[in-house]
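Notes follow once the structure below has been shown.
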Protein chains: 4
Amino acid sequence: MAPRPKTLPRKAATQERSKATVDAILGATAKVLVKEGYDRASTNRIAEAAGVSIGSLYQYFPSKEALVAALIERHMDEMGAVVRDSMARLADAELEVATRELVRMMIDAHALDPKLHKVLVEQVPRVGRLERIQDLEAHAIALARAYLEARRHELRPKDLNLATFVVVHVVESVTHAAVLRSPELLGDALIGELADMILRYLRRDV
Amino acid sequence: MAPRPKTLPRKAATQERSKATVDAILGATAKVLVKEGYDRASTNRIAEAAGVSIGSLYQYFPSKEALVAALIERHMDEMGAVVRDSMARLADAELEVATRELVRMMIDAHALDPKLHKVLVEQVPRVGRLERIQDLEAHAIALARAYLEARRHELRPKDLNLATFVVVHVVESVTHAAVLRSPELLGDALIGELADMILRYLRRDV
Amino acid sequence: MAPRPKTLPRKAATQERSKATVDAILGATAKVLVKEGYDRASTNRIAEAAGVSIGSLYQYFPSKEALVAALIERHMDEMGAVVRDSMARLADAELEVATRELVRMMIDAHALDPKLHKVLVEQVPRVGRLERIQDLEAHAIALARAYLEARRHELRPKDLNLATFVVVHVVESVTHAAVLRSPELLGDALIGELADMILRYLRRDV
Amino acid sequence: MAPRPKTLPRKAATQERSKATVDAILGATAKVLVKEGYDRASTNRIAEAAGVSIGSLYQYFPSKEALVAALIERHMDEMGAVVRDSMARLADAELEVATRELVRMMIDAHALDPKLHKVLVEQVPRVGRLERIQDLEAHAIALARAYLEARRHELRPKDLNLATFVVVHVVESVTHAAVLRSPELLGDALIGELADMILRYLRRDV
DNA sequence: AATGAATGAGAATTCATTCAT
DNA sequence: GATGAATGAATTCTCATTCAT
């Protein structure tokens, strides 16, 4: 129906404008979610916070669920980037260094936007395609598993699957709990204790 | 005041009727919460599932929040009973035994009604007096702290506060994650690994 | 079914007890109505305030409307008594005395329970048999009319029907307004002005 | 902000549509209030009578109270216009003319929509910002007070504050009573009697 | 594409009234 | 007669979503 814009720049401009709108909407979603909680975060409120009409919001996201899913996607991509970066850098590091960095990295990842993380994890219904969280975890486990495999000779545990699960979940769970509930504990002392624990668990007895 | 009925049976009957209604409502709340999720769990649906009129529900619980709070209270009482029983029994046990039992107990506690636990923890907004979860945790930490204090001479970590936090959260967090997300991992192997990890962390080097 | 009480005293006692219950309920109705307003005055709240079960309330009053109607009846009886007493005493009084007393009496009548009067007049829906207020007014008009008729030779207005309407409503309306909205104005000054006005209106010019 | 539509017609159309909806809702509110009384006037019934969805009603009026308040505002604006117009015209009129016109005007003002006026005055709870009625009265009293002050030399009463209160309330109260309860009495005869009464009260004896 | 007015199903909650005990 | 648990229709209000302009 409507003729396409004739100039390439214009098109690009339009695309950029779309991108800006999408970003504004996602940003507003995060803001409202954190400020009001999931239940009080209505699409109308989000549209208003984004400075966009409710009609435009639905132009870009066909439902509230899609909107929240996109936000989760974005948040998980950001956390995932931190995780992948760190793991890539540590692939050749020595066990002790790698362990300490793993713990620190997990804290960093959770610290990206802890309030949003909390709402996403605690309040958003786990329905539809909102399962990205699991994916990230699976990925991290796979990477950790490969790392441990390569150093099997240094390690005490026989069942590396189980050991990996335990290590990754210990770090993830405790970090998660600390970030959400006792942020005052975050610091080098906690990192040290967790790393100690893991190293003592992993290292072959001498 | 209104005169009390004179016969015990009659009074008991009345009380029992009320109690049965309250139990039916709480039971239905748990059921609907698990089946439909927090958002879709309307008070009308709950009343219907309880085989009770919506009016009766509001006779006993002045708001939806109060209803969920009561359910949390009940659930936490049940978990708390498991925790307290076990901890009392372990107060004099040797470190290794106590550790293994701690892990097993935590799994048992989470296994009481894992699906309900999951909904309660993941979806229910943390408002009002829904903070019972923290209380339970604080209580467990205090007990564990006292236990470790009594055995300080056997232990390696200097800062017992931090060590207690780490131990309790490792057990709680990993158990939680396993129960909710990877129930197939639950078993003696996991208990063994966790206990090993903790013991290696706690024990003074020989 | 149930055998009637055999002794007369007992029956009387019962009747008295009934009367006390009815009074308690009506008193509680007035209290709750004044405190909470008509809309928030639920039958359950009233029963509770009366120290009586909701079932008992419905034993004596078949509906909320009947309950409020009975309260209006009682209140109007009280106001009516004041009006009738005064009017009987004034039947033979001289015009000036009668006028001043009429004004004072009307203020007294409204002052019996001004807050209840206000709620009854301003908030209670005028449905069913709640029309007692009109009756009282009609009665007062008839008495006043008769009084003026007997003194027609002293009076200026020709149409005594109209004159009576005006006089009674002037007194009633201004009193009502003053009691409900400007109680600080009530006093001898106001009485004097109103009486002056009426006397100047009624008296034949000399 | 969102860019404004460029054509005036389009913009006007949008505004008109909103305005029409608001008007329809207020009109329906008046209608339902008169027909059903305050208690039975539910927001759903009003929306239906307005031919508008309940959602639209709440888009414009955030609560039932706000809705009724807006209707009161509208009604009082209409009455206020009548009062102000008339009083402005009478500012320089002679006492007798002014008095007769005051009475006639008050009847006109009450006759604008007597049934609505009755419901608003008799049934609507006096809460929130529904106090416009008092304002109107205060305004009228101030105007009347100024008028009497300017003619003080013609007048008998010493205390003009009290005299103004009495005059305004006599007119207002009797008019109110006549319009609501005895509309058949409204007419030149009543106006004449009231004006006579007031003039005899106000005029200095000759 | 954008706008925002309109929609209406559905949610929480209240309250007059009934009735088994 | 008294009790108070139970009832459920009705009410206020929210919010995801649609669609005419």
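A, B, ... follow the sequence lines: proteins, then strands. Residue 1 opens every chain. Computed from heavy atoms alone, side chains included, the values below leave out hydrogens, waters and symmetry copies. Keep in mind that what you see is a predicted model, and the values were worked out from it rather than measured.
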Note to self: Counting Watson-Crick and G-U wobble pairs with both distances under 3.5 Å, what is the dot-bracket string for DNA chain F, 5' to 3', using [ ] for crossing pairs and | for pairs to another strand?
What the structure shows: .||||||||||||||||||||

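Minimum heavy-atom separation, D/A28 to D/I46: CB-O, 3.5 Å. The minimum heavy-atom distance between C/D23 and C/R74, with the atom names listed, is O-NH1, 4.1 Å.
Closest to the side chain of B/K64, from the set F/dT17, E/dT13, E/dT17, is E/dT13. Which of F/dC13, E/dT14, F/dT18 sits closest to the side chain of B/I54 comes down to E/dT14.
Across all strands, C/Y60 comes closer than 4.0 Å only to sugar-phosphate atoms, never to a base (heavy-atom distances).
Between D/S53 and the phosphate of E/dT7, there is a side-chain N or O to OP1/OP2 separation shorter than 4.0 Å. A close approach under 4.0 Å does not occur between any side-chain nitrogen or oxygen of D/T21 and OP1 or OP2 of E/dA5. Within the structure, every side-chain polar atom (N or O) of D/S18 is placed at least 4.0 Å from both OP1 and OP2 of E/dG4. Taking side-chain N and O atoms only, C/Y58 has a distance below 4.0 Å to OP1 or OP2 of E/dT17. The phosphate of E/dT3 (OP1 or OP2) has a side-chain N or O of A/S56 nearer than 4.0 angstrom.
The residue among B/S63 and D/L57 whose nearest nucleotide of DNA chain E lies closer to the 5′ end is D/L57.
When the P atom of E/dG8 is taken as reference, atom CD of D/Q59 falls 14 Å away, rounded to whole Å.
Within residues 40-49 of chain A, no residue has any heavy atom closer than 4.0 Å to DNA chain E.
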